[in-house]
Amino acid sequence: MTDWIRPTSLAEAVDARRDHPDYLVLAGGTDVMVGAIDRPAPIGVIDIFGLPELCVCEHDDEGRLRLGAGMSYAHLLGDARVAAAAPALVESAREIGALQIQARGTLGGNLGTCSPVGDTLPVLLALDAEIELRGPDGTRWLPVDDFCTGYRTTALAADELIVSVRLPVDSSSREQVWRKVGTRRAQSISKVMLCASTHRRDDGRLADVRIGLGAIAARPLRARATEAVLEGALPDGPLAARAAQAVLNDIAPIDDVRSRADYRRATTARLIRRWVLHLAQTSTTTNTGS
Amino acid sequence: MAGGIERKVINTTHGPDAPHGDFTRVGQRARKIDGIGKATGEAVYTDDIVLPGMLHAKTLRSPHAHAKILSIDTSRALALAGVHAVVVGSEMPVKYGVIPWTPDENALATDKVRFIGDEVAAVAAIDEDTANAALALIDVEYELLEPFFDPHKSLVQSEPQIHETDARGQPYKKGNISKNVLLEFGEVDAAIDGAAHVVEDDYVFHGTAHAPIEPHCAVARFGSDGVLTLWSSTQIPHYVHRALARVLEMPAHRIRVIQPHLGGAFGGKSDPFSLEFCVCKLAMKSKRPVKMLYTREETFYTHRGRHPMEMHFRTACDAEGRVTGVDSKILIDGGSYSSFGLVTTYYSGQLLTGPCHFPTYRFDSTRVFTNKPPCGPKRGHGSVQPRFALEIQLDRLATKVGLDPIEFRRRNLQAENSQTVNGQTITSNGYLECLDVVEEASGWKDKRGKLPFGRGVGMAGSMYISGTNYAVYPNDMPQAGILVKLDRSGLAQVYTGTSDIGQGSSSVMATLVAEELGLRLDQVRVIAADTDLTPVDLGAYSSRITLMAGNASVDAGRKLRKQVQAAVGEHFDIPPQQVMLAEGFAFDREDGERRITSQQAFELTETKFETLAATGSYNTPDRGGDYRGGTIGASPAYSFTAHAAEVSVDTETGEIKIEKFWVAHDCGRAISPVQVEGQIEGSTYMGAAEVVLESHDVYSDESHVEAGLHRRPSLLEYTIPTSLDTPEIDARIVESIDPEGPYGAKEAGEGPLHGSIPAVANAIYDACGIWLTELPFSPGKVLAALRAKQGETSAPSPNGKASADTSVEAIRARLAAAKKGKS
């Protein structure tokens, strides 16, 4: 029989995790239950779904938005503060699974599974989010790019819990774009996901460019070579072509039942190109360099 | 095959005067009689049935695509606590098949397995977990054989044979070929070679599955009275009844087959299946009722889905755009068993000869066996694939001639009351009106060739049978029988062997009987698909029920109406024909104040004629061409459909979005307009799924470690459209009032699928100038076709050239190198 622990506070949950590092942590169950048929039953479960301290959504003293790891996608979709700070996160949540999945699936669960096709991960990457982890020795914060370490692996220690996600103060002033290419418009696992964000300087040049990509490598990742091409540059047609070329060096897609590597490469490049062209068209600075 | 039987003539008169003025039920927008029960969860499906002491069964399936079975040892499974019975193939050695000429299936494999998923043994236990645990304890020794995944290989390589014996148990002489049909009508080569315009191309239609919401399920009880009862999610109770008697070697009169509510079938439940035999045998062995419910994964292996076809088509027309000839050569991948494959092979050619008139025609279709899940009939059986090819060819010819595609089709009409080139009789034909309707509704003239790049409209036409003229086993008995009983309560009970699989056939029967007897729908109760209670009907396939069982219903209803009119006429002292039955009353037509309720009328009738019941029957007229196979594809009446589609193509990602469909369908007469619209929408939805999303296939590289395994046996990865993916569908009904159908009705369940696929293909051409010929139209294929087109026009790529190291070949080489490094 599987042991079942349902903590009533975060402190209890941290203790349970310390005492039972071999137990499965269960939130909305949208990943766990899908795989349950093919896996042996866990010896124990720590059920943290709906734990109030994990469902907070608030600005901290420095004005950063802190999203509880237990927030469901539906919760994210309904919160005006999330919409203001991270519209791309709201857009990605809206396209996850379908309404039933959105009601159960959580931000922390998406991080904990760290699937290459986790829908919110490219957004968190593109917004420089930090992850709050709590264990017996206290709290530590990790940039999301350091949190994701590989194919379904994370930096989470066996005695730690994912507690929250923190977005930088400047998130709301970033221009954000989200694009998911899937086989269908709901209940679909992605072929390619792109989240990109940037600031613009007064002269129209791009600054602090961040690009998060999903489904194009073993883990969600930042397109650093592409970011380097775009950083400080004025968006125009030639820049779009250079960025589209650069992104091919950032990714390592595979063939699988949903898509093919060559399609993923071509499409990622085109999504990047299209975003840069969009930036060029929406530039408030007169651009003579096309 | 119909022998010397005289056709039963039913005095169906049509038009506004028949049978008693305006119709009261036919053509009304009524709800399905079982709609609310299904929506509330009240309806009982097979898996809802729970019997005292019932066991649960599971099936052991082959992990090999092609292998001999050397031995099966079930002793360890039988020893497991909770296991009540195990059955293996040698206990049911008689072969069966839905087509009597090709019985090549066993309930469980006897000597060899032919695909991954082939059934090997079955266990009945106290619950599913125990049954699954027992499966793991069955020891099977296999000797692997070379598998066939490529139909081209099956065409040329006859050893090892997938089926070694024929129906008579003699060595099978055709290698790995299942069926070949070559028919030629007129001088095709001369007609094509001398024509002003010729188009010639290859087309690929992929495999697709039915994906009904309800997986297959069966429950059996072997009673102490010696009666075997099977409840099954089948769409052919009568054929299952016959197959059970044959395989279980039991007299048919001791077997009863009941079809409970069914959660969709689409052709996927029109074969007898392994689980039906296994639950019966296990119930007989264990002396307990036994249930088996397939998992979703098992339904993908059970399959019987649409046959993949590789089609080479040549079509020609004269300078004015009149088609002169059509020539096709088709390779059909049948998978591991025959199923309906003999018919599929004929249908791939026989059903194409309207609504476009062919002066000459040849088709050469070959179905081969491969070691894959068996293919069978799926909505639009056999003809959806070649229709896809043909309707694109017609658009290409229209383009060459410089004619609008709709005008081109008007110019090539296979008219009403005519014979097609292959000898099929067309009675009514509302195709021209269908074309007018979609042209107008879609705003065709303002859109075709006039929308911005990346957006376009396209159309296609099609024709389909309203039932096949002949039963799958030759006999001269009626195709459809019905029994209507009138009760003193004022209720009409309709006993029909028809299978309501969600298509609404029971509602159609109720509507027709209510119309004949002047009843409200709540005064008619339908008892359907129970071989003990209901007269034989051949089942829900080939879109036969409305026309065939509908005619039988009218036949029975009319006999009773005459009796009621006679009794009430006597009571009112007026001639019988002056008695009018409507809305639950019997009236004096001349004096509406003189009326009695239906209940009173039935009492008077029973007093006069004693206990009230009537049977009705329908058999088909003699039809079809006078040549071998000429009756396959023959139908009493054909439906016609025109589709228009508007699409947008994202030329950067290759994604296709179907914006809207306009569909006009000639169903003869809409007995139930709501249901006809539902069938148009459902068919078109299914076609839209096949054109952009669905793909049923196995890993086909023989060296692949998972060769023969299904690539996506789940509804997560086998993508069918969600409501968000479903385009708006504007469904229009055209009524041509056919002389053969009840009140003029023809089919509506399958025809409206065909054109949805080529209409999208033709719209994509209008949107961005590419002809896609290989389904499904995945984004990668769209991009490849756009690249090829750019190559043709030798315009430089706007994206800049791809460097050598990002070419597909280079990536593949790197991947291969990486894989080698791992191993």
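This is a predicted model, so every value here is computed, not measured.
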- Message: Would you say that A/Pro116 contacts A/Arg219 through its side chain, given a criterion of any heavy-atom pair below 4.5 Å between the two side chains?
- Response: no
Under 4.5 Å from any heavy atom of chain A - which part of [X]:
X: B/Arg712; result: side chain
X: B/Leu715; result: backbone
X: B/Thr651; result: backbone

Using a strict threshold of under 4.0 Å (side-chain N to carboxylate O), is an ion pair present between [Y] and [X]?
X: B/Lys657; Y: B/Asp650; value: no
X: A/Arg224; Y: A/Asp145; value: yes
X: B/Glu659; Y: B/Arg455; value: yes

Which atoms of [X] approach chain B - backbone, side chain, both or neither, heavy atom under 4.5 Å:
X: A/Arg179; value: side chain
X: A/Ala186; value: both
X: A/Arg184; value: both

- Query: Between A/Arg104 and A/Phe49, is NZ or CZ placed under 6.0 angstrom from the six-membered ring centre and within 45° of the ring axis?
  - Reply: yes
- Find out whether the Lys NZ or Arg CZ of A/Lys191 is both under 6.0 angstrom from the six-membered ring centre of A/Tyr263 and within 45° of the ring's axis. yes
- If you tally heavy-atom pairs under 4.5 Å against chain A, which of B/Leu783, B/Asp725, B/Leu716, B/Leu724 wins? B/Asp725
